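Being a predicted model, the structure only gives us computed values, none of them experimental. We name chains A, B, ... by the order of the sequence lines, and we start the count at 1 in each one.
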Amino acid sequence: AALKHGLRSQVSAALKEGRVTPTELCQRCLALIKSTKFLNAYITVAEETALKQAEESEERYKRGQPLGILDGIPIAVKDNFNTAGIETTCASNMLKGYISPYNATVVQKLLDQGAVLLGKTNLDEFAMGSGSTDGVFGPVRNPWSYSNQYKEKSVPKSHSEDEESNWVITGGSSGGSAAAVSSFTCFAALGSDTGGSTRNPAAHCGVVGLKPTYGLISRHGLIPLVNSMDVPGILTRCVDDAAVLLGSLAGHDPKDSTTIQDDFKPFELPNLTDVSKLSIGIPKEYNAPGLSSEILALWSKAADLFRNAGAKVVEVSLPHTRYSIVCYHVLCTAEVASNMARFDGLEYGHRSDEKESTESMYAATRREGFNDVVRGRILSGNYFLLKQNYEKYFVKAQKVRRLIANDFMNVFRSGVDILLTPTTLNDAAPYTEFIQEDNRTRSAQDDILTQAANMAGLPAINVPTALSERGLPVGLQFIGRSFQEKQLLTVAKWFEKQVQFPMIELEEVKRHDNGVFQHQKSASFS
Amino acid sequence: QKVLVEVLDHLEHLALVDFRDSEGVERLQKAIHFADQLHEVNTNGVEPMDSVLEDRWCLYLREDDVTEGNCTKDLLENAREKVEEYFVAPPGNIPLLKLEERDTFLQGS
């Protein structure tokens, strides 16, 4: 029963009052992970350590001394965060079997507050991709593929294996984390977000996906992709929970020199009732080519929702939007080329048997360890960084980056508080359709609405909004000012309350529910 | 405008990653073509942006005190080949074979 409720309102209270114990909660989640194995959301399930953590949490509750609201709460972590004693693979052959000697700062913070680490979730190899389909452990399946809502809308096929071939992707690259939260196997999960990798799968899986401001949460221990854009991402089932996670993770880390030194004060979200002082910006360039008419309509309806509630809703312009994906492509591949240089087989990770020379060993190790996507980005990045190309591509992209960041600054300076945009162009595609285009093309298409926020370092959040005609989740994105997460989340929470996004109806979850649970009232938005 | 074979070879040496096949080269071509769109943007007088935190944060130096270490065992744990407290590498200063000498698809073109 406790599985379906938010942290703040229900589960934490239940734990405190002893209505459910941390070990019960942990066991239920572990059992659900087993029965939803077909989703392929988890790469590693840390059953033993999780149960041990749950037992320790239970002791604390018995003594009346829980560490905080996260004590005993099962969480999952994307497999590109270092976790001491637990394999960290980045879904790559390069790191298969790699057991890190340390915890990423965000992981340590969660453990210090008593959270129970259930396991590491699946992703695109080295977080490069927008489908969670390109990792060595195979693709992640969107739990909504198996929901009554999707099945009801599916065109009936003559063969019974249509469920097998009909499943849709989670989006990516934090697809495993999104699927884990969406299928109730954990209460919250960590993802990462470099171009939209937390918000994209959040939208496709019907969960809240928060990308915090760059510099707010430590990246120490997050295996880097693009140092100037990466952030740890937070995936939860409701906005309040995202605020709780944010509160426990944000703040300066001496081990990450890109975290700001300002004091961070965790906050509780007010229940906004009056939006009349709010100014919502609708960037016209986000009506991008390929945006489905369904999502366009939903976006428009959302704008009306704010307008009718008294907020000021204005159309704004972010003129360089269409170049941000190109800019990202250059900067990302350049930083990737640099970051991937550390994988040479000497100190950790895969090592080739090649012994002729250091260079030949490095080359063979990297050929064996990286997939095509990673290698392609490394090669492109090195091309853009060649002496003859450096000014033309890399520095040029850095200049365009400033223009993109300035676009946002100008809009916020003109009085807009929050921007409202779609998160994705479409609802989740069937896997068989998705893989018909290559990774780079897909990423270029799917990141278009999310990655400008990474370019400018701004906080952004996906809020599940409604179900599409195919019965799949569609989310909308709010983008806020730097370090104004409280305002961003307050507005997101208000919106979440208005739209009443329906709960996923999954047979596996119902089976584990022992009938005590009451169905939440869900008036859908569309 | 196709990328010259010399440049491809140079890239393979720099990246220590190979293109593997003509598809890999095609991928690079497409990536370059895609990136060329950047030149449509007028960036006269615009400074390159290294970090979004350029206004906000100043890198600080901490006291030069040793605060952690003694983790040799942990660090060596993940290395496949080691001797005592050394990582072991094959002989260095042997350059990677040039493309013409290597057995790659590019020999055909």
Side-chain angles (χ1 to χ4, degrees), chain A residues 98-99 101-102 214-215 228 254 257-258 260-261 320 323 326-327 329-330 333 337 344-349 351 354-363 366-367 370 372 375-376 378-384 386 392-393 395-403 405 438 440 444 455-457 482, chain B residues 3 7-8 10-20 23-25 27-28 30-32 34-44 46-53 56-60 62 67 71 73-82 87-97:
Chain A
Y98 169 68
I99 311 248
Y102 73 107
Y214 180 87
S228 68
S257 59
T258 58
I260 57 159
Q261 294 179 63
H320 295 92
Y323 293 106
V326 186
C327 185
H329 163 72
V330 173
T333 50
D344 54 23
L346 272 185
E347 302 100 329
Y348 45 73
R351 178 176 175 141
E354 170 61 46
K355 286 189 207 320
E356 278 295 307
S357 68
T358 320
E359 283 205 22
S360 69
M361 186 278 275
Y362 289 171
R366 292 155 72 80
R367 185 189 320 128
F370 292 140
D372 284 348
R375 285 174 27 256
I378 293 172
L379 288 163
S380 300
N382 274 295
Y383 180 83
F384 298 132
L386 288 175
K392 220 171 88 156
Y393 289 99
V395 178
K396 180 78 181 179
Q398 287 189 310
K399 292 179 179 180
V400 175
R401 181 174 187 176
R402 182 178 297 284
L403 292 176
D438 70 81
R440 196 191 60 81
M455 203 62 77
S482 275
Chain B
V3 182
V7 176
L8 295 174
H10 187 45
L11 283 177
E12 287 196 342
H13 275 82
L14 281 177
L16 286 176
V17 155
D18 64 335
F19 285 94
R20 189 163 292 185
E23 215 182 290
V25 180
R27 219 177 281 131
L28 176 66
K30 284 200 194 131
I32 299 169
F34 188 68
D36 282 334
Q37 290 174 81
L38 276 180
H39 303 120
E40 293 167 20
V41 186
N42 181 349
T43 51
N44 286 333
V46 181
E47 283 298 300
M49 182 182 235
D50 287 322
S51 167
V52 295
L53 297 176
R56 264 215 165 237
W57 120 82
C58 37
L59 270 178
Y60 62 96
R62 67 185 182 114
T67 53
C71 50
K73 189 167 163 292
D74 287 335
L75 293 178
L76 289 172
E77 198 67 37
N78 283 300
R80 214 187 87 171
E81 304 207 14
K82 49 203 174 206
F87 294 112
V88 178
N93 281 327
I94 300 173
L96 206 59
L97 292 174

Check: Is there a side-chain contact (heavy atoms from CB on, under 4.5 Å) between A:Asn382 and B:His10 once you walk through the steps?
Finding: CA-CA 10 Å; A:Asn382 274 295; B:His10 187 45; over 6 Å; no
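Here the straight-line distance linking atom CZ of A:Arg401 with atom OG of B:Ser51 works out to 7.0 Å at 0.5 Å rounding. Between the OH atom in A:Tyr383 and the CD1 atom in B:Ile32 there is a gap of 4.0 Å [rounded to 0.5 Å]. The structure places NE2 of A:His320 at 8.0 Å from CG of B:Asn42, a figure rounded to the nearest 0.5 Å. Annotation: the span from A:Lys399 atom NZ to B:Glu47 atom CD amounts to 7.5 Å, rounded to 0.5 Å.
Of the two parts of B:Gln37, the backbone and the side chain both hold a non-hydrogen atom closer than 4.5 Å to a non-hydrogen atom of chain A. With a 4.5 Å cut-off on non-hydrogen atoms, B:Val7 touches chain A through its side chain but not through its backbone. Contacts of B:Phe34 with chain A are made by both backbone and side-chain atoms, with heavy-atom separations under 4.5 Å.
Taking the side chain as every heavy atom from C-beta outward, B:Arg27 and A:Asp372 approach each other to under 4.5 Å. The shortest side-chain heavy-atom distance between A:Lys392 and B:Leu38 does not fall under the 4.5 Å cut-off. No side-chain heavy atom of A:Ser228 sits under 4.5 Å from any side-chain heavy atom of B:Asp50. For the pair A:Glu359/B:Ile94, no side-chain contact is recorded, criterion being any heavy-atom separation below 4.5 Å from C-beta on. You'll find the side chain of B:Leu16 stays beyond 4.5 Å of the side chain of A:Asp344, heavy atoms only. Contact check for B:Glu40 versus A:Val326: no side-chain heavy atoms found under the 4.5 Å cut-off.
Without hydrogens or angle criteria, B:Asn78 side chain to A:Ile99 main chain gives a donor-acceptor distance under 3.5 Å. Using a distance-only test at 3.5 Å, with no hydrogens or angles considered, no donor-acceptor pair links the side chain of A:Arg351 to the main chain of B:Ala79. Between the side chain of A:Thr358 and the backbone N or O of B:Pro91 there is at least one donor-acceptor pair closer than 3.5 Å.
For chain B, the option among A:Tyr102, A:Tyr362, A:Tyr323 with the highest count of heavy-atom pairs below 4.5 Å is A:Tyr323. The candidate with the highest count of non-hydrogen atom pairs below 4.5 Å against chain A, out of B:Pro95, B:Cys71, B:Pro90, B:Ala89, is B:Pro90. Top candidate by heavy-atom pairs under 4.5 Å with chain B, chosen from A:Gly381, A:Ala405, A:Ala456, A:Ala337, is A:Ala456.
Counted within 6.0 Å of CD on B:Glu81, heavy atoms from surrounding residues, nucleotides or ligands total more than 12; the atom is thus considered enclosed.
The two residues A:Pro101 and B:Asp74 have their closest heavy-atom pair at CB-CB, 4.0 Å. The two residues A:Ile378 and B:Ala15 come nearest to each other via the heavy atoms CG2-CB, 3.7 Å. The two residues B:Val46 and A:Leu403 make their nearest non-hydrogen contact at CG2-CD2, 3.9 Å. Minimum interatomic distance between A:Arg402 and B:Pro48 (heavy atoms only, all atoms of both residues): NH2-O, 3.2 Å. Nearest heavy atom pair, residue B:Val52 against residue A:Met455, reads CG1-O, 3.3 Å. Nearest heavy atoms, A:Phe370 versus B:Val17: CD1-CG2, 4.4 Å.
For A:Tyr393, the ring-ring contact (aromatic ring centres under 6.0 Å, His included) test picks out A:Phe384, B:His39, with sequence neighbours left out. For B:Lys30, the side-chain contact (heavy atoms from CB on, under 4.5 Å) partners at least two apart in sequence or on another chain are A:Arg440, B:Glu26.
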